[in-house]
Protein chains: 2
Amino acid sequence: MYINEHVINKMQDTLKLAGDATRLKILFCLLDELDTSSSDPHHLIEKCVNDIALQIGCSQSLVSHQLKDLKDGDFVKSRKEGTKIYYSLKDEHVKQIMQITYEHVLEGEHHD
Amino acid sequence: MYINEHVINKMQDTLKLAGDATRLKILFCLLDELDTSSSDPHHLIEKCVNDIALQIGCSQSLVSHQLKDLKDGDFVKSRKEGTKIYYSLKDEHVKQIMQITYEHVLEGEHHD
DNA sequence: TGCAAATATGAATAGATGTTCATATAATAT
DNA sequence: ATATTATATGAACATCTATTCATATTTGCA
């Protein structure tokens with residue numbers, strides 16, 4: 001790893017983006033393991049803004065705002081179809097960060 | 001992964017903790033690959049508060065504040081020796097989060 | 001006991017951030 | 001054209017956060 005100020009700032013942006021409850025809910029919503037529409041474990045889950053808002057219990061406006069940030073940070077991508085816009089996770093890094101963070105949190109629970 | 005509100009909040013705390021330039025500098029400082037005092041790649045690097053402050057160019061007070069947060073979040077541990085307190089990374093999760101985030105940032109650089 | 005070194009702590013503050021509300025834009029259908 | 005559905009946007013605001021400054025605490029040593 002070659003670290004300089006610029007890389008530090010980018011990493012800060014990336015982790016700050018992940019470090020918000022609403023955005024985490026959106027990401028988990030797009031990661032939903034319970035989706036049974038495909039047997040492929042790497043199946044791409046796509047959801048439109050309103051569906052996400054309903055599922056996580058937040059306003060449409062808030063979800064739209066956060067999706068914009070998530071997209072700017074390369075966490076999600078989008079695809080337009082009619083009036084709807086489908087969002088999905090962009091790459092494996094996001095899933096990995098969520099997975100490791102999840103493990104870290106679980107481990108912390110043991111000695112609380 | 002079993003996700004509920006509590007887990008989401010803990011993950012938020014963890015990622016928010018990592019998402020700060022000063023704290024990232026501290027963590028990288030404790031991860032320093034350039035340390036040649038041991039040939040063991042898993043060598044534990046310990047540094048006291050003042051040394052960290054000098055190396056990353058921040059005040060002693062700021063570093064102490066941030067180290068407290070990093071310790072509360074299980075990112076670092078400490079060991080007392082005389083008047084000095086030596087800090088080191090606590091577990092592998094921290095390193096992994098840094099590594100993956102680093103890769104994510106590098107990948108993003110390609111299409112900017 | 002008194003002094004110096006290392007670290008921790010608390011208050012204060014400026015700046016960043018999440019959320020809401022109202023409104024704008026875009027696409028589709030009647 | 002008009003209405004409807006879906007999404008985006010911008011301003012406003014309250015809350016959170018990083019940093020600084022001054023000071024307290026702890027340990028070792030003369």
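The basis for the numbers below is simple: all heavy atoms, side chains too, and nothing from hydrogens, waters or symmetry mates. The sequence lines fix the lettering, A, B, ..., with proteins before strands; numbering per chain opens at 1.
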Note to self: Using side-chain heavy atoms (C-beta onward) and a distance below 4.5 Å, is A:F75 in contact with A:R23?
What the structure shows: no
Checklist line | Non-hydrogen side-chain atoms of B:F28 and A:I8 separated by less than 4.5 Å | finding: yes
Return the value, rounded to whole Å, for the distance between atom [atom1] of [X] and atom [atom2] of [N].
{"X": "A:L24", "N": "C:dG18", "atom1": "CG", "atom2": "C1'", "result": "14 Å"}
{"X": "A:D51", "N": "D:dT5", "atom1": "CG", "atom2": "P", "result": "15 Å"}
{"X": "B:I52", "N": "C:dT7", "atom1": "CD1", "atom2": "P", "result": "9 Å"}
{"X": "B:Y86", "N": "C:dT7", "atom1": "OH", "atom2": "P", "result": "8 Å"}
{"X": "B:E46", "N": "C:dT7", "atom1": "CD", "atom2": "P", "result": "13 Å"}
{"X": "A:L15", "N": "C:dA16", "atom1": "CG", "atom2": "C1'", "result": "17 Å"}
{"X": "A:N9", "N": "C:dA16", "atom1": "CG", "atom2": "C1'", "result": "14 Å"}
{"X": "A:I85", "N": "C:dT28", "atom1": "CD1", "atom2": "P", "result": "12 Å"}

Note to self: If you apply the rule salt bridge (charged side-chain N to carboxylate O under 4.0 Å, His left out), what do you find for B:K10 with B:E5, and how did you get there?
What the structure shows: CA-CA 9 Å; B:K10 283 285 185 181; B:E5 199 79 21; over 6 Å; no
Notebook entry, point to check: Is it true that B:E92 and B:K95 make a salt bridge, defined as a side-chain N closer than 4.0 Å to a carboxylate O?
Noted result: yes
Between [X] and [Y], is there a donor-acceptor pair closer than 3.5 Å when you use the side chain of the first and the backbone of the second?
{"X": "B:T101", "Y": "B:I97", "value": "yes"}
{"X": "B:Y102", "Y": "A:Y2", "value": "yes"}
{"X": "A:D51", "Y": "A:K47", "value": "no"}

Check: If the sugar-phosphate is the primed atoms plus P, OP1 and OP2 and the base is the rest, what is the B/S/- string for nucleotides 9-19 of chain D, using protein heavy atoms under 4.0 Å?
Finding: BB------SSS
Next item on the list: Quick one, give me the B/S/- string for nucleotides 25-30 of chain D, reading 5' to 3', where B means a protein heavy atom under 4.0 Å from the base and S means that only happens at the primed atoms, P, OP1 or OP2.
Entry: -SBS--
Next item on the list: Report which part of the nucleic acid A:C58 touches: base, sugar-phosphate, or nothing (heavy-atom distance under 4.0 Å, all strands).
Entry: nothing
Note to self: What's A:Y87 touching, base or sugar-phosphate or nothing? Going by heavy atoms closer than 4.0 Å.
What the structure shows: sugar-phosphate
Margin query: Applying the salt bridge (Lys or Arg N to Asp or Glu O under 4.0 Å) criterion to B:E46, which one of B:K80, B:R79, B:K77 satisfies it?
Written below: B:R79
Next item on the list: Please identify each residue that fulfils side-chain hydrogen bond (donor to acceptor under 3.5 Å, both in side chains) with A:D72, with sequence neighbours left out.
Entry: A:K68
Next item on the list: Report yes if at least one side-chain N or O of A:N50 is closer than 4.0 Å to OP1 or OP2 of D:dT5; otherwise report no.
Entry: no
